[in-house]
Structure formats: structure tokens, C-alpha cells
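A short worksheet on the structure shown next.
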Amino acid sequence: MTSEVIPGRATARPVPLLGWEVPMRWNNWIRQIHRWLAIAFTVTVIVTFVALAQEEPIVWISYVPLLPLALLLITGLYLFVLPYVVKRRGGRGTAGAS
């Protein structure tokens with residue numbers, strides 16, 4: 001297994017996968033999960049509005065958006081704190097930062 005650089009990819013801690021190494025970027029995974037959670041939250045809120053607009057609404061359906069909202073809170077706080085942690089550790093800042 002050789003360590004080869006994939007063009008256009010950042011070099012992070014490589015993980016062997018199917019004979020070649022894939023750079024692991026946890027931040028990108030968290031960002032993607034956060035985006036999909038935002039979509040899931042929006043859908044659950046729309047479904048909740050439709051369900052509660054019925055003649056005999058199901059009251060427990062109003063709790064359905066809370067799970068994606070809680071997960072959005074966790075991933076959002078992680079993404080919010082990340083630049084400060086990187087700066088404090090003396091790591092590389094974001095592009096365009098002074």
C-alpha cells in the first residue's frame with residue numbers, strides 16, 4: 001500500500017481503503033451531515049404543519065422536529081467552535097483570515 005496524493009484533495013490523516021489511501025476530513029463530514037440535517041428538519045417542520053392543520057390533529061407529531069433540531073444544535077456548535085479551537089492550537093487558519 002503506497003501513500004499517493006490525490007489531486008484536488010487536502011492531505012489529512014490517510015486511511016487505507018481498497019488498496020489505496022483516502023484522506024479523512026472529519027470537518028467535511030460534519031458539514032455534510034449538518035446540511036442534510038437542515039433538510040430533514042425543514043421537511044419535518046412542513047409535515048408537522050400539515051399534520052396539525054387537520055381537523056383532528058395528532059398532537060405528538062409536534063415533537064418530531066426535535067430530533068433533527070437537537071442534532072443540528074450539536075453539529076452547529078461543533079462547526080461554530082472549530083475555528084476558535086484551530087486558532088488556539090496554533091493551526092492553520094481559514095483562507096482569507098488575517
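Index from 1, following the sequence. The structure presented is a predicted model; accordingly, all values stated were derived computationally and were not measured.
- The minimum heavy-atom distance linking Ala38 with Leu72 is given by the pair N-CD2, 3.7 Å.
- Once rounded to the nearest 0.5 Å, the distance linking NE2 of His34 with CZ of Phe41 reads 11.0 Å.
- Annotation for Leu52 and Ile58: closest pair CD2-O, 3.6 Å, computed over non-hydrogen atoms.
- Taking CG from Leu69 and CG from Leu73, the interatomic distance works out to 7.0 Å, rounded to the nearest 0.5 Å.
- Taken to the nearest 0.5 Å, the CD1 atom of Ile30 stands 7.0 Å off from the OG1 atom of Thr75.
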side-chain contact (heavy atoms from CB on, under 4.5 Å) between Gln32 and Trp36, intermediate numbers included = CA-CA 6 Å; Gln32 194 64 35; Trp36 281 106; 3.1 Å; yes
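- Ile46 and Ile61 sit in two unconnected hydrophobic clusters of ILVMFWY residues. Membership requires side-chain heavy atoms under 4.5 Å apart, directly or through other members.
- Criterion: ILVMFWY side-chain heavy atoms under 4.5 Å apart, direct or through other members. Under it, Tyr63 and Val45 are part of a common hydrophobic cluster.
- Each of Ile74 and Leu82 belongs to its own hydrophobic cluster when Ile, Leu, Val, Met, Phe, Trp and Tyr are linked at side-chain heavy-atom distances under 4.5 angstrom.
- Summarising the geometry, atom OG1 belonging to Thr44 is positioned 10.5 Å from atom CZ belonging to Phe49; distances are rounded to the nearest 0.5 Å.
- Taking all atoms of both residues into account, the shortest heavy-atom contact from Thr48 to Ser62 is CG2-CA, 3.7 Å.
- Two different hydrophobic clusters hold Leu71 and Trp29 under the rule that ILVMFWY side chains link at heavy-atom gaps under 4.5 Å.
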